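So the structure is just underneath, and the comments pick up after that.
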Amino acid sequence: MPLFRYHAVARTGERLAGEITASDEAAARRSLREQGHYPLDLHEASASRGMPWWQREITIGSRQDIGMLSRFALELGTLLKAGLTTDRALQLSAAALPKGPLAASVLSVREAIRQGRSLADALQADRDQYPDLMISLARAGEVSGTLPDVMLGLAAHFDLVRDVRDKIRSALIYPAVLSVLAFLSIIFILLAVIPQFRPLLQGGGVDLPWTTTVLFAASAFMEDYWLVVIAGVPVLVAATILLLRNPDTQLRLSGLVGRLRWIGPLVRASDAARFSRAMSILVSNGVPVPTAIDVARDTQASPHEAARLGEVNGAIRQGRTLAEALQAQGGHPDVLVELARVGEESGKLGPMLGHAADVLDRDLARRLDSFVTYLTPALTVLLGLIIGVLISSVFTALLSINELAV
């Protein structure tokens, strides 16, 4: 539906400005009047038209940034907790968000609710903006009458997921910069340094070490085909991206990553914490365990772990408990299995899974700190060895010539 930007006057005399979605301009004016507003100016506009480029929201793909989803859920939960109607809470939540697709979508959700739809159905109509977890929780909150608490709990969940992502990104910044600089250094050596020594060493009449021979061959290749290499890198990157978008490739690759000695435990700990947190919120709000698992699977970063949870759900539908299914499959954190068992026996599965998520989050933070502590020096030593081998290959050949001259 088209998006309209308006300036209006409320019944109280307050001047308003915002955006509204409607089928046409007449419908937009009618909607504003039904809300008790008198439109002064109304015109169709895209979410970012007329805005300076530096103020426009940057998104990757169709889904919103998790930080914006957290902000929306927190705003909505707080306003509903204060006693506002869903209609009014959505209007104020949209006004508090930066101009962009999410703010426009919230206004569309509000319009759908004004037409008699439930919040969950309105969110589901725009699934590109809202994850399945949010839709399912909204539905459970509406049925149980706990929608404000559900939205606040969801905002906390989004914040935790964002914090983990930020920690991982921050941890990888220095190694990534170091790797790029080392790569550029190697290219510089091959294209600028080695060609200065190659004629002298190859014509020196000595047997060159195999490392020097390989180095000279690589340097000659880079000199002759550097245009092909430069053109081939973007092609290789594009092909890799297309390959990684294939679900079968993602499944196999995530399974391989999960078996790596250092990275595998990090991936499993992160996914286990997400699963526990999502299950805690869902089960605590009355969602049946099988349905909750289907929704919680979408929170998994690893397709391999998501597939494993599908097998767990199959076992539960055949009569097993969550703890039994997790333990029978194996590979899940002991704290998750044990607290799931305690929760099922005591009838407090939701709170126990929330406690498991807290424990797993702390464990993940510890693992990340340990990983970064060892990764940076190990990478520095490795890259130093690579560059050292390149330089030593040249100097070994030079020393051979000097010995021959003596």
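Everything quoted here is computed from the prediction, not taken from an experiment. All residue numbers refer to positions in the sequence shown, counting from 1.
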Side-chain heavy atoms of Phe72 within contact of Ser105, under 4.5 Å: no
Within 6.0 angstrom of Asp334 CG, more than 12 heavy atoms from elsewhere: no
By side-chain contact (heavy atoms from CB on, under 4.5 Å) - contacts of Ile186 (at least two apart): Leu190, Ile386, Ile387, Leu390
Set of ring pair (Phe, Tyr, Trp, His ring centres under 6.0 Å) partners for Phe183, sequence neighbours left out: none
Contacts of type side-chain contact (heavy atoms from CB on, under 4.5 Å), residue Pro265, not counting sequence neighbours: Arg268, Arg367
For Tyr225, all residues meeting ring pair (Phe, Tyr, Trp, His ring centres under 6.0 Å), sequence neighbours excluded: Phe221
Side-chain donor-acceptor contact under 3.5 Å, Arg297 with Gln300: no
Pairing residues for Arg277 by the side chain to side chain donor-acceptor pair (under 3.5 Å) criterion, not counting sequence neighbours: Asp358, Asp361
Donor-acceptor under 3.5 Å (Thr78 side chain, Glu75 main chain): no
Arg341, CZ atom: more than 12 neighbouring heavy atoms under 6.0 Å: yes
Arg114: partners by side chain to side chain donor-acceptor pair (under 3.5 Å), with sequence neighbours left out: Asp87
Residues in side chain to side chain donor-acceptor pair (under 3.5 Å) contact with Ser70, at least two apart in sequence or another chain: Asp159
Stepwise side chain to side chain contact (heavy atoms under 4.5 Å, CB included) test for Leu353 and Leu339: CA-CA 7 Å; Leu353 289 176; Leu339 289 179; 5.9 Å; no
Residues forming a side chain to side chain donor-acceptor pair (under 3.5 Å) with His355, sequence neighbours excluded: none
Carboxylate-amine/guanidinium proximity below 4.0 Å for Arg308 and Glu305: yes
Counterpart residues, salt bridge (Lys or Arg N to Asp or Glu O under 4.0 Å), relative to Arg366 (two or more places apart): Asp363
For Thr213, side-chain contact (heavy atoms from CB on, under 4.5 Å) partners two or more places apart: Leu208
Side chains of Val287 and Ile281 in contact at under 4.5 Å (non-hydrogen atoms): no
Polar side-chain atom of Glu142 near backbone of Leu119 as donor-acceptor pair, under 3.5 Å: yes
Partner set under side-chain contact (heavy atoms from CB on, under 4.5 Å) for Ile241, not counting sequence neighbours: Val237, Arg245
Sequence neighbours excluded, every pair satisfying salt bridge (Lys or Arg N to Asp or Glu O under 4.0 Å) that has a member inside residues 177-189: none
Side-chain donor or acceptor of Glu344 paired with backbone N/O of Leu322 under 3.5 Å: yes
